[in-house]
Each structure stands twice: as C-alpha cells, then as structure tokens.
Amino acid sequence: MAKVAEILPQIKRVTDVEKVAAWDAAGRVAARDVVAPHDYPPKPRAAYDGYAVNSEATPGRFRVVGTVLVGQYRGDLAVGSGEAVYVTVGAFLPDGADAVVPEEAVERDGEYVVVKARYEKYANADPPGSYVRRGTVMLSQGTVVTPFDVVGLLDVGITTIYAYRKVRVGIVATGDELIVPPIDPDTAAELVMKGKVIESTASLVAWYIQTYMPYVEVREKVVASDRHEEVRAVVDRFLAEYDAVIITGGAGPSEIDHFYKLGFGGLRGFRMKPGRPTSVAVVGGKPVFGLSGYPISALHGVIRIVEPVLRHMANVTRPPGLGWIYAAVTQDVQGEMAQVVRVKIEPGEGELYAKPIKVKHHSFTEPEAGGIALIPPGGVKKGDVVPVLLYRDLRRSGTGPP
C-alpha cells in the first residue's frame with residue numbers, strides 16, 4: 001500500500017549474514033547469489049536400473065564385469081569392448097559407458113546379457129551437466145529458500161549458502177478481558193459466557209507469520225493488561241531485544257488506544273475494511289504495529305501492512321509460494337500415465353498460466369521452475385486447467401501486498 005512504501009526508508013533492514021548448511025536453509029533469505037561451482041553430474045548418471053554399456057556397441061552380447069550401486073564410486077571399474085556393468089538409478093556410469101539398457105530389456109545368458117536393440121548415447125542416463133552447468137545462478141539474492149530449493153542444492157553438491165538472519169519479532173496481546181490458555185476448558189467456557197475473551201488474535205498473528213513468513217521468527221508473545229505503563233514496559237523491552245513489535249488490541253480511537261496514549265504517532269488508519277484502525281510507527285528504525293483485537297481485522301492488517309514491511313526488513317525479493325493453485329497449461333502434455341511436470345507460472349488476463357519446462361532429470365535444479373503441475377493419465381491439451389503446487393511466488397518485489 002502507498003502509505004507503507006512511504007515509511008520503508010525509515011526502517012532498518014537486517015544486515016547480519018550467516019553461513020548456513022543447505023539442509024537447514026529452508027525459510028532463510030539468500031544474502032548472495034547461489035552459483036553452481038561445477039557441472040553436475042560430472043559424468044553420466046544412470047536414470048534407470050540396468051546395464052551400462054557403450055552405445056556404439058549396441059545391439060550385442062555383453063559380459064557383465066561388475067556392479068555400481070547409487071552412492072558408490074568405482075574408479076577402478078571400466079567398460080571395455082563387449083562388456084557391461086550393472087547400475088542402479090543415480091549411480092555414475094563407469095568409464096567407457098554412455099548408456100543404460102533397462103534390466104527388463106535384456107536377456108540373461110550366464111555371465112552375459114544380450115541386447116537386441118540399438119541404444120543412443122545417454123539413453124536412460126543423465127548426461128554430464130544436465131542438472132546444472134557451472135556458473136548457473138541457482139538462487140538469486142533475496143530469494144526465500146524453499147524445501148524444493150534445498151533438494152535442488154543438495155542434489156548437485158551445494159552444501160552451504162550465505163543467508164540473512166531471520167527478522168525477530170515480539171508480539172504483545174493487550175486487554176483486561178483476555179483469558180490466557182492453558183486453562184481448564186470448562187472454566188474458560190463459563191468465563192466467556194460472563195464476558196471474558198480467550199486470547200486468540202495474537203496467536204492467529206503468530207501462526208500466520210510462522211506459516212507464511214518463514215524468514216521471520218516470533219521470539220516472544222506476551223499478554224498484558226490495558227494499563228498503558230504495563231504495555232509500554234513490554235514494548236520498550238521488545239524494542240531493545242527484537243527488530244519489530246506487534247501490538248494486538250486497543251488499536252481504535254478509545255481510552256485504551258495504545259498508539260495514541262503511548263505517543264507512537266506514525267501512520268494511523270488505512271483504507272481497508274476490516275482493520276481500518278491498523279497503525280504503524282517507526283521507533284529507532286524499528287516498526288511498531290498496532291492491530292485490532294478482532295481476529296479477522298488483525299489478520300487483514302498483518303497481510304496488508306505487517307507482511308510487506310517485514311519482507312522489506314528481511315531483504316526478500318522473491319517470496320515462497322502459498323501452496324496449491326489452478327493454472328491453464330500453455331501447451332499439450334502427452335502421456336498415458338499420470339505425471340508431475342515442472343512449470344513456470346505466468347500471470348494472464350484473469351487466470352494463471354503454467355508453462356511446462358522441459359527437463360529430463362528428476363531434480364529441482366531448474367531456476368525458472370516455480371511449481372509442479374499434476375497431469376492426469378492420458379495427458380492434457382493446451383488451455384486445460386490443472387492443479388499446481390506453487391513453491392515460488394510470482395512476485396519479484398518484496399514490498400507489495402500479497
């Protein structure tokens with residue numbers, strides 16, 4: 001929102017950078033471009049269980065001289081003239097081999113296998129560099145790392161990245177009327193009937209942040225009364241310890257309007273409904289948000305106001321996706337069996353489009369891919385709508401609302 005953009009220059013971004021193991025990087029924001037340091041795979045890799053052979057010798061009769069399982073490195077083993085080596089999916093082919101004959105496509109004859117068909121170079125094998133080429137930018141600076149990215153990085157041997165530390169947030173729920181769990185459920189029910197309120201708004205805010213903003217860490221949630229001095233003490237402590245503060249309750253124009261009474265100033269009131277009283281002030285470069293005590297109003301304030309500011313603080317330029325969507329495929333996808341196809345999601349007029357990306361391997365190393373489309377048995381035609389698991393958001397900017 002326009003008002004939010006006005007205050008962003010006043011807010012301190014996170015500058016602390018940490019070296020993080022790739023397997024712990026989901027939810028973190030890349031502080032540098034993550035660049036592939038080498039071609040991967042470095043040599044042909046089996047994409048099928050079967051027999052590694054020299055393609056130029058097919059068809060033919062081959063003596064089986066060894067086995068290479070995935071995870072094994074057999075530098076001592078090579079395929080000579082008229083020889084084959086049994087390999088499993090993911091294993092590097094021994095020197096001299098450049099294709100894999102599926103296990104079910106050969107005839108066994110003692111220590112020999114008979115191959116009756118011609119196999120081309122790299123048949124049933126991933127060629128060198130087919131996952132990624134050296135110098136490819138796997139993740140650009142500002143991208144929120146997803147679990148899919150973690151898989152892609154680990155698949156090609158990238159085990160560390162540089163990431164910004166998470167934005168640290170403290171939440172204070174205010175209200176003399178609040179009941180704070182844990183409490184006996186029957187007692188709580190009786191108190192609600194007498195006008196009390198079970199605290200849920202701040203918990204909803206914390207849940208949204210933890211679920212949809214993995215680059216933010218809710219370090220503490222405190223429930224305070226409506227006494228301004230108590231709220232002030234918590235807010236002052238949070239400002240000293242964390243990067244941002246969120247207050248729920250007492251956001252409207254009343255005697256318990258904490259923003260007014262505590263002198264925060266800042267932006268008060270936005271053109272949004274519900275949640276118009278949502279407020280935000282900047283204290284020493286740190287934002288203090290005032291949200292309604294009503295859950296739906298507070299949630300609207302988080303989505304419209306809090307999230308864009310925290311994305312800015314976290315240096316996010318490419319947020320993660322929000323889960324399942326529907327999109328129209330941009331071309332025919334053929335096949336008798338059910339498939340998953342990696343796609344690039346592009347916005348169109350009134351709908352989203354899923355552009356299939358042609359890759360022959362099974363890794364998440366394609367930087368342009370942002371989702372996985374489910375293709376039913378028999379395939380689909382151009383324009384058909386399919387479900388897509390969106391793991392990379394369409395937005396390139398970290399400041400706009402969702």
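Any value given below was found using the heavy atoms of this structure, including those in side chains, with hydrogens, waters and symmetry copies removed.
At least one donor-acceptor pair under 3.5 Å links the side chain of Glu230 to the backbone N or O of Ser225. For the pair Ser297 (side chain) and Pro274 (backbone), a donor-acceptor distance under 3.5 Å is absent. Judged by distance alone, with hydrogens and angles left aside, the side-chain atoms of Asn315 form no donor-acceptor pair with the main-chain N or O of Gly142 at under 3.5 Å. Between the Lys166 side chain and the Pro214 main chain, a donor and an acceptor come within less than 3.5 Å of each other. At distances below 3.5 Å, not a single donor-acceptor pair connects side-chain atoms of Asp33 with backbone N or O atoms of Val137. Remark: the backbone N or O of Asp76 is not paired with any side-chain donor or acceptor of Arg74 at under 3.5 angstrom. Side-chain N or O atoms of Gln339 include one that pairs as donor or acceptor with a backbone N or O of Gln334 at under 3.5 Å. A donor-acceptor pair under 3.5 Å is absent between the side-chain atoms of Thr143 and the main chain of Ala30, judged by distance alone. Between the side chain of Arg165 and the main chain of Glu18, no donor-acceptor pair closer than 3.5 Å is present. With Asn54 contributing its side chain and Ala97 its backbone, the two residues share no donor-acceptor pair below 3.5 Å.
Within a 6.0 Å radius of CZ in Arg237, more than 12 heavy atoms belonging to other residues, nucleotides or ligands are found. In the displayed structure, Glu104 atom CD is contacted under 6.0 Å by more than 12 heavy atoms of other residues, nucleotides or ligands. Arg118 CZ: more than 12 foreign heavy atoms inside a 6.0 Å radius. Taking a 6.0 Å sphere around NZ of Lys43, one finds it holds more than 12 heavy atoms contributed by other residues, nucleotides or ligands. Counting heavy-atom neighbours within 6.0 Å of Gln331 CD, excluding the residue itself, gives a total above 12. In the displayed structure, Ile183 atom CD1 is contacted under 6.0 Å by more than 12 heavy atoms of other residues, nucleotides or ligands.
Just one residue in the list Val113, Val79, Val106, Thr58 forms a side-chain contact (heavy atoms from CB on, under 4.5 Å) with Val53, and that residue is Thr58.
Residues Arg232 and His228 bring no donor and acceptor atom of their side chains to less than 3.5 Å of each other.
Taking 4.5 Å as the limit, every side-chain heavy atom of Glu241 sits out of range of all side-chain heavy atoms of Arg219.
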Next item on the list: Would you sort out whether Tyr212 and Glu307 count as a side chain to side chain donor-acceptor pair (under 3.5 Å), showing the intermediate values?
Entry: CA-CA 9 Å; Tyr212 296 108; Glu307 186 170 3; over 6 Å; no
Next item on the list: Go through the steps for Tyr242 and Glu217 under the test side chain to side chain donor-acceptor pair (under 3.5 Å), then give the verdict.
Entry: CA-CA 10 Å; Tyr242 309 135; Glu217 182 180 7; over 6 Å; no
Next item on the list: Take Lys12 and Met313, measure what side-chain contact (heavy atoms from CB on, under 4.5 Å) needs, and give me the verdict at the end.
Entry: CA-CA 6 Å; Lys12 294 179 181 177; Met313 296 179 71; 5.9 Å; no
Notebook entry, point to check: For Tyr353 and Glu351, what are the C-alpha separation, side-chain angles and deciding distance, and is it a side chain to side chain donor-acceptor pair (under 3.5 Å)?
Noted result: CA-CA 7 Å; Tyr353 294 97; Glu351 63 180 327; 3.2 Å; yes
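By the 6.0 Å and 45° rule, Arg32 stacks over the aromatic ring of Tyr162.
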